[in-house]
Protein chains: 2
Amino acid sequence: MKIDVEKFNFQSDRILSSLGPEDQALFLSEATPLKFKRGKLVFYEEGIPTGVFIIESGRAKIFKTGLDGKDQIFYIYKKGDLLGYHALLCNEHYEDSCEALEDCQMLFIKRSRFEVLLKKVAGLQTLLIQNMSHEFGVMVNTITVLAQKPLRERLALFLLILQQKYVTIGNIMLPREDLANMIGTARESLSRLLKEFREENLIIIENKAIRLLNPDKLHKIANSQYL
Amino acid sequence: MKIDVEKFNFQSDRILSSLGPEDQALFLSEATPLKFKRGKLVFYEEGIPTGVFIIESGRAKIFKTGLDGKDQIFYIYKKGDLLGYHALLCNEHYEDSCEALEDCQMLFIKRSRFEVLLKKVAGLQTLLIQNMSHEFGVMVNTITVLAQKPLRERLALFLLILQQKYVTIGNIMLPREDLANMIGTARESLSRLLKEFREENLIIIENKAIRLLNPDKLHKIANSQYL
DNA sequence: GTTAAAATGTGATATTTATCACATTTTAAT
DNA sequence: ATTAAAATGTGATAAATATCACATTTTAAC
């Protein structure tokens, strides 16, 4: 497995951006704006899907809570991404939860209207199929990394992934607990390793925000290539 | 997270079994039989998809090979399952590989014919959407288990999952290396834990095959409920 | 049936990471 | 501005698992 950060990107913004202008307009005509303050749940595990969401601004994490109350974060959605549609499309309850990582502006399309759109918008089903097929590959990569790579390599990889989520800010603004829950470790272990990365001049920490100083070296670490 | 074995089942047999008889006949009219001997690759990582497969008999694993050559097994497909379609549907190369775990009889539908079927068979796109949506939930559960649960709980859970894959035989026939690669551990660690499970009368081992003696207790262990 | 290769089990040791406890810093509420 | 709560960092220790080496068993090839 050769690590490629792009292979960890759901590319959920492509569903909407791949529609033609008329179809996009039709799609958005069904949307109502919603605001989610930081920490607010968008949907939750075992909840019944009521519709789908599109992020206009901000970021949201999807996660699952283990029996001991520890979260596992799978993905961070960002501007342009469509989300909340998996459980809706298979008529099941949500297996995951979604929470705003910061104040978010979203659009909401209620379930019945979305189901109408599925029939009316010709290529929408195809786009969903393409997107979810691609997501499968992302999940496969994520599982391999989490199951097999040591902590140091996982941190290097996820920092690179997060750099792309926060590219417009330049700094990774994820709280420590969240980052620990993403890479599958305890927050103390994460702190120790971030300190090591700082000492090796791989990252710099400015008021808790993380900035990458040496993406190439992090990429090598993610690929198990230690110099 | 409450562990439910059913939430780790892709249910890929439902795609075909949910078609009406005429659509099924149309679908199968495009299929040619193929045999895969044990150990033979069905498709492989980075390979270009040439079509989709349906398992008529036998089992096949999908896996990804890490940089150090260690495999990570995600799923075991069985009779009735449709497979090999993810990469095809998003027009990408395979992110995973598939290998026959035992001699398999499969049906193969070449890519161009499958794409015709997608247009001709009315509900097929909907079924694929439903199935892949459901798979997303399975992947979410798998990631949480692999990232957060200790080895003992993972083994308990995967034994229960595997019992269902091998229900027609009654014994789990997966080689040790494969089971270790599925639950994310070294084969030595697996051996030690299987010995413990044997000593606790949770399983019995007959000529390398594993039979579960106490599924209820295993279920409790999988749910972090130790007595 | 025999032999070599592969798979698996076991013992010992090393490494990684978790956990616990507490100190320090940052943030939120007032 | 102050104070309490939450988040984070650090030290020490425990636990889990990997790794290495080798023995034993099973399987495959001839």
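Below, chain A is the first sequence line, B the second, and so on; all start at residue 1.
- Ring orientation note: the planes of A:Phe108 and A:Phe53 are tilted relative to one another, at an angle of 30° to 60°.
- Searching all strands for a Watson-Crick or G-U wobble partner of D:dA23 with both distances below 3.5 Å returns C:dT8.
- A donor-acceptor pair shorter than 3.5 Å cannot be found between the side chains of A:Thr144 and A:Lys149.
- Using modelled atom types and a 3.5 Å distance limit, the side chains of B:Asn131 and B:Gln11 yield no donor-acceptor pair.
- The list of side-chain hydrogen bond (donor to acceptor under 3.5 Å, both in side chains) pairs with a residue in residues 41-57 of chain B, not counting sequence neighbours, reads B:Glu45-B:Lys64.
- Remark: A:Lys165 qualifies as a cation-pi partner of A:Tyr75 under the 6.0 Å distance and 45° angle criteria applied to the six-membered ring.
- Contact footprint of chain A on DNA chain C: nucleotides with an atom under 4.0 Å from a non-hydrogen protein atom, first to last in 5' to 3' order, C:dT17 to C:dA28.
- Between the side chains of B:Tyr77 and B:Asp13, no donor-acceptor pair is found at a separation under 3.5 Å.
- A:Arg59 has a carboxylate O that lies under 4.0 Å from a charged side-chain N of A:Glu102, or vice versa, which qualifies the two as a salt bridge.
- In the region residues 175-197 of chain B, proximity to DNA chain C at under 4.0 angstrom, judged on heavy atoms, holds for B:Pro175, B:Arg176, B:Glu177, B:Arg187, B:Glu188, B:Ser191, B:Arg192, B:Lys195.
- Ion pairing between B:Glu196 and B:Arg152 holds under the 4.0 Å rule for side-chain N and carboxylate O.
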